[in-house]
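Have a look at the structure below before the remarks.
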Number of protein chains: 2
Amino acid sequence: MPEPTPDTLMPLCSVFRRFLRNQGLKYTVERADVLQAIIDHDGPFEAEELLLDMRRRGHRVSKATIYRTLRLLQEAGIITQALFDSKQAHFQLIYGKQPRDVMVCMRTGRTIDFHSEELSALRDRICRELGWKPVGHRFQIFAMSPERTEGEQEA
Amino acid sequence: MPEPTPDTLMPLCSVFRRFLRNQGLKYTVERADVLQAIIDHDGPFEAEELLLDMRRRGHRVSKATIYRTLRLLQEAGIITQALFDSKQAHFQLIYGKQPRDVMVCMRTGRTIDFHSEELSALRDRICRELGWKPVGHRFQIFAMSPERTEGEQEA
DNA sequence: GTGCGTGCAAAGACTTTGCACGTAC
DNA sequence: GTACGTGCAAAGTCTTTGCACGCAC
């Protein structure tokens with residue numbers, strides 16, 4: 001019963017391996033390497049970054065395999081798309097993680113990460129009311145950072 | 001002073017035209033047509049859809065112009081990317097709209113839209129604490145819909 | 001009249017796919 | 001030993017860009 005609380009968390013590789021077995025798929029060196037690279041990479045990443053990280057430590061994988069593995073990891077609920085922009089895919093570990101919420105400035109692009117327990121509580125309550133079981137969430141606030149709040153008043 | 005409250009809302013075309021003028025850009029028929037198509041299109045859309053909508057009503061625009069106009073409309077704060085997936089860009093009107101929040105089932109992909117005043121209040125409070133001026137937000141809940149909640153307990 | 005805008009087609013960026021060989025089970 | 005996995009390169013999608021002509025200001 002996967003209730004990803006920090007205490008009862010099983011190692012990610014076990015989670016992934018079990019997922020693969022259930023699907024009749026194989027746990028290969030390449031797939032293990034990709035997962036390890038993700039674990040070691042702190043925060044959101046893109047396919048290309050992962051490839052470079054892996055190359056750096058001498059793990060040779062093709063980009064095709066990375067993309068294929070990323071899809072599997074998503075299906076396994078281990079990573080999720082971060083969806084910063086639609087230009088390219090960004091992913092991040094979610095299994096067993098508290099959601100990271102983000103506030104982004106619409107003028108400068110500056111971002112601030114935060115975590116709100118209150119938000120998680122709200123999420124859980126909304127789910128409960130509808131009979132759904134919460135798994136995670138993404139909250140992005142669009143705002144204007146303090147410096148200057150005009151920018152539209154010059155002719 | 002654009003404070004998009006439902007009452008004092010000025011027509012979108014005026015907002016856009018003013019934005020363009022401030023940037024030293026021109027308000028062309030094509031740009032007006034794209035904006036109108038967005039207004040008439042209910043909910044999120046992609047560039048291609050917009051093109052078809054416009055063709056259907058006899059407005060001929062090139063895809064390049066649509067993309068270029070969508071970027072301007074984003075900069076003007078009239079639309080925003082919906083970020084459903086990273087495969088392609090989805091946009092939606094935001095100017096003067098209440099944010100739409102969404103709950104998505106991680107197994108079936110089924111989604112439920114909702115709107116939470118409480119969430120908006122939380123957003124405003126977080127912004128206030130940091131001295132930022134809220135413009136909008138996006139909240140996505142990932143959950144499992146009721147039907148069956150196992151699916152991972154075999155093996 | 002000038003500079004910005006448009007359409008077209010080509011280029012670009014990211015991702016997926018077909019195929020032959022390799023490997024986990 | 002079999003079916004799935006991998007790398008490579010080609011193909012696919014969506015988006016951006018260069019250029020010559022046209023239009024808003």
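The sequence lines fix the lettering, A, B, ..., with proteins before strands; numbering per chain opens at 1. Computed from a prediction, not measured in an experiment: that's the story for all the values here.
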Set of residues satisfying side chain to side chain donor-acceptor pair (under 3.5 Å) with respect to A/Gln92, sequence neighbours excluded: none
Side chain to side chain donor-acceptor pair (under 3.5 Å) partners for A/Asp53, two or more places apart: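 Here the qualifying residues are A/His41, A/Arg56.
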Comparing B/Arg68 and B/Arg17 on DNA chain D - which has the more 5′ nearest nucleotide: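 Taking each residue's closest nucleotide, the earlier one in sequence belongs to B/Arg68.
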Test side chain to side chain contact (heavy atoms under 4.5 Å, CB included) applied to [X] - qualifying residues, sequence neighbours left out:
| X | value |
| --- | --- |
| B/Lys63 | B/Glu48, B/Leu51, B/Tyr67 |
| B/Val102 | B/Thr111, B/Asp113, B/Gln140 |
| A/Lys26 | A/Thr28 |
| B/Thr65 | B/Glu30, B/Val61, B/Ser62, B/Arg68, B/Thr69 |

Single-linkage hydrophobic cluster A/Ile39~A/Ile78, side-chain heavy atoms < 4.5 angstrom: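 They do share one cluster, since a chain of ILVMFWY contacts under 4.5 Å joins A/Ile39 to A/Ile78.
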Path from A/Phe114 to A/Leu122 over hydrophobic side-chain contacts below 4.5 Å: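 Linked within one cluster.
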Rounded interatomic separation in angstrom, taking [atom1] from [X] and [atom2] from [N]:
| X | N | atom1 | atom2 | value |
| --- | --- | --- | --- | --- |
| B/Asn22 | D/dC25 | CG | C1' | 15 Å |
| A/Lys26 | D/dA3 | NZ | P | 9 Å |
| B/Leu70 | D/dC14 | CG | C1' | 13 Å |
| A/Arg71 | D/dG5 | CZ | P | 12 Å |
| A/Tyr67 | D/dT6 | OH | C1' | 17 Å |

DNA chain C: 5'-most and 3'-most nucleotides touching chain A, 4.0 angstrom heavy-atom criterion: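 In short, chain A contacts DNA chain C from C/dC14 to C/dC25.
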Terminal helix-axis angle for the helix from C/dG1-D/dC25 to C/dC25-D/dG1, with five pairs defining each axis and rounding to 10 degrees: 50°
Reported CD-to-CZ distance for the pair B/Glu117 and B/Arg123, which is rounded to 0.5 angstrom: 9.0 Å
Spatial distance of atom NE2 (A/His90) from atom CD (A/Gln81) [nearest 0.5 Å]: 10.0 Å
Contact residues, residues 29-41 of chain A to DNA chain D [heavy atom, < 4.0 Å]: A/Glu30, A/Arg31
Non-hydrogen atoms of A/Met54 and A/Ala37 that approach each other most closely: CG-CB, 3.6 Å
Residues touching DNA chain C, which here means a heavy atom under 4.0 Å, drawn from residues 55-65 of chain B: B/Arg60, B/Val61, B/Ser62, B/Ala64, B/Thr65
Pairs involving residues 10-40 of chain B, ordered by first then second residue, that meet ring pair (Phe, Tyr, Trp, His ring centres under 6.0 Å) (sequence neighbours left out):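 Non-adjacent pairs meeting ring pair (Phe, Tyr, Trp, His ring centres under 6.0 Å): zero.
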Test salt bridge (Lys or Arg N to Asp or Glu O under 4.0 Å) applied to A/Arg71 - qualifying residues, sequence neighbours left out: none
A/Thr28 vs D/dC4: side-chain N/O to OP1/OP2 distance below 4.0 Å: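 No, outside the criterion.
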